[in-house]
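Values in this document were obtained by computation on a predicted structure and should not be read as measured data. Residue numbers begin at 1 in each chain, while the letters A, B, ... track the order of the sequences.
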There are 2 protein chains.
Amino acid sequence: MLELKDLPDAHILKKFADRYPDADIDRVIQFLTFLRVATDLSNGLDRYLNAHALLQGRWWVLVLLMREDDACSSPSKLAEKAGVSRATMTGLIDGLQRDKLVSRMVSPKDRRQSLVKLTSKGQAKLDEVMPEYYRRVRQLMTALTDEEGDMLMQVLMKLNQQAQVFD
Amino acid sequence: MLELKDLPDAHILKKFADRYPDADIDRVIQFLTFLRVATDLSNGLDRYLNAHALLQGRWWVLVLLMREDDACSSPSKLAEKAGVSRATMTGLIDGLQRDKLVSRMVSPKDRRQSLVKLTSKGQAKLDEVMPEYYRRVRQLMTALTDEEGDMLMQVLMKLNQQAQVFD
DNA sequence: TGAAAATAATTAGGAAGCTAACTATAATCT
DNA sequence: AGATTATAGTTAGCTTCCTAATTATTTTCA
């Protein structure tokens, strides 16, 4: 997306502002910086997970399964909770099953449905990854004061309410 | 990643906190909410661009080219500015060239290098997409007060300085 | 009851991202 | 000058995401 270091200089900004008078430079920079910082943090998380032979999408499925009392869910529920399509969830579960971190069986109650279950190997993988993950998130977020943290949440909620502006 | 609507309830949080005592719930929620809102906004931008037969990666290459005085750059410079690998940039340029939005030629000065140039069709595509893009970004970001906008940038810079916590 | 509609999961095909390996060219350094 | 090293770009093979189409099963309702 955008490297923070090379935000456009005044000369370039003028060129864009002349051609596109609706541009609000400060707000565009806020928007792009927001996306860029989030992308960088997401990539950082991926690097950490990768060192444990996991990736963000698959890791999140394990976390969602651990949330369940019986460590069990269905692909469509997981897809909805993870915010991805059911087709994507099929692929994530395929990979996890290949690595034996989850098991898949047909639901006895509804033969259309699968039941995905966290295996003991999957739980062990979480136990390997989560403590250090939590320590690093704490380290990251304590860069913010409590007030900044609260403000950030408030701002995120406001932006979330505007999520349909692009539709 | 995480649906804002189904953040874990107290019962689940206790389960995780018991097993992983280093978890700092509030900060984890801040972190995950940040990634989720950014993902949703990025997907919104993609939906908008998609309606104009563009996608975020390709669109950004066009924007970077328009920033140049001669509408011209090389794949590796573009990759660095866009924050993607050179291999990814090759693919983005392939797609743009197929749609005749950019042209590619070998540099006469250094035969290893390519020169990528925004075509008039590419500029026309930007002129089609950018005004409405700027209006929507303005609409999105004016949900924040000026103070909130300033605070957001300050927070983003702080988080950016911590980008190496996952290494 | 039996046809139509809805639901769950998958497959197919494509985009955008990555690393690692490869080719071609240019620069450097004995 | 010639061998080595560095640089620019691409290719190959992988993951993660998407939409649209397909298959199997269940539900609905005429």
Side-chain angles (χ1 to χ4, degrees), chain A residues 1-2 35-36 38-40 42-62 73-99 101-102 104-116, chain B residues 1-2 35-36 38-40 42-62 73-99 101-102 104-116:
Chain A
M1 177 54 46
L2 176 67
L35 291 188
R36 166 49 65 181
T39 300
D40 288 347
S42 178
N43 289 343
L45 177 56
D46 261 338
R47 280 197 305 280
Y48 169 67
L49 293 172
N50 223 314
H52 298 272
L54 269 183
L55 288 165
Q56 220 178 123
R58 294 182 187 176
W59 165 73
W60 194 247
V61 173
L62 298 182
S73 188
S74 71
S76 37
K77 280 184 210 142
L78 289 169
E80 206 210 327
K81 289 185 183 171
V84 300
S85 70
R86 277 176 298 172
T88 296
M89 187 51 65
T90 294
L92 293 175
I93 294 169
D94 283 349
L96 288 167
Q97 191 178 24
R98 211 182 308 130
D99 293 346
L101 301 177
V102 306
R104 196 164 12 190
M105 53 181 277
V106 173
S107 165
K109 298 188 177 175
D110 182 341
R111 297 178 44 75
R112 290 171 303 186
Q113 227 180 336
S114 285
L115 287 181
V116 180
Chain B
M1 177 54 46
L2 176 67
L35 291 188
R36 167 49 62 182
T39 300
D40 288 347
S42 177
N43 289 343
L45 176 56
D46 261 336
R47 280 198 304 281
Y48 169 68
L49 293 172
N50 221 313
H52 297 272
L54 269 184
L55 287 165
Q56 219 177 123
R58 293 182 190 175
W59 164 74
W60 195 247
V61 173
L62 298 182
S73 189
S74 72
S76 37
K77 280 184 211 142
L78 290 169
E80 207 210 327
K81 289 185 183 173
V84 300
S85 69
R86 278 176 300 169
T88 297
M89 188 51 66
T90 295
L92 293 174
I93 295 169
D94 284 348
L96 287 166
Q97 191 178 24
R98 212 181 307 130
D99 292 347
L101 301 177
V102 305
R104 194 162 15 189
M105 55 181 276
V106 174
S107 165
K109 298 188 176 174
D110 181 342
R111 297 179 42 76
R112 291 172 302 184
Q113 228 179 335
S114 285
L115 288 180
V116 180

Base D:dT7 paired with B:Arg112 side chain (donor-acceptor, <3.5 Å): yes
Before accepting this row, confirm whether a basic side-chain N of the pair B:Arg36/B:Asp40 lies closer than 4.0 Å to the acidic partner's carboxylate O. yes
Roughly how many Å is it from [atom1] in [X] to [atom2] in [N], rounded to a whole number?
X	N	atom1	atom2	value
A:Leu78	C:dA8	CG	P	13 Å
A:Met89	C:dT11	CE	P	16 Å
B:Gln97	C:dA15	CD	P	15 Å
B:Leu92	D:dG9	CG	C1'	14 Å
B:Asn50	C:dA15	CG	P	11 Å
B:Gln56	C:dA16	CD	P	10 Å
B:Lys77	D:dT7	NZ	C1'	13 Å
A:Asp46	D:dC14	CG	C1'	14 Å

Out of [options], whichever nucleotide has its closest atom nearest the side chain of [X]:
X	options	answer
B:Arg98	C:dA15, D:dT16, D:dA8	C:dA15
A:Ser85	D:dT10, C:dC18, D:dT19	D:dT19
A:Pro75	C:dA9, C:dC18, D:dC17	C:dA9
A:Ser76	D:dG9, C:dA9, D:dC17	C:dA9
A:Ala87	C:dA9, D:dT11, D:dT19	D:dT19

Just to be sure I understand the rule, does [X] reach a base, reach only the sugar-phosphate, or reach nothing, if contact means heavy atoms closer than 4.0 Å?
X	answer
A:Arg104	sugar-phosphate
B:Arg111	sugar-phosphate
A:Ser74	sugar-phosphate
A:Thr90	base
A:Asp110	sugar-phosphate

Would you say A:Arg47 has more than 12 foreign heavy atoms packed within less than 6.0 Å of its CZ? yes
Hey, which of B:Val61, B:Leu45, B:Asn50 is the one that makes side chain to side chain contact (heavy atoms under 4.5 Å, CB included) with B:Gln56? B:Leu45
Rounding to 0.5 Å, atoms CD (B:Gln113) and OG (B:Ser76) come to a distance of 6.0 Å
Distance col, row A:Leu96:CG vs A:Arg104:CZ, nearest 0.5 angstrom, shows 9.5 Å
B:Ser85 and B:Ala79 have their tightest heavy-atom pair at O-CB, 3.8 Å
Within the pair B:Thr88 and C:dC18, is there a side-chain N or O less than 4.0 Å away from OP1 or OP2? yes
Take A:Ile93 and B:Lys109, find for each the nucleotide of DNA chain C with the closest heavy atom, and name the residue whose nucleotide sits nearer the 5' end. A:Ile93
Please tell me which of A:Asn43 and A:Gln113 maps to the more 5' nucleotide of DNA chain C, matching each residue to the nucleotide holding its nearest heavy atom. A:Gln113
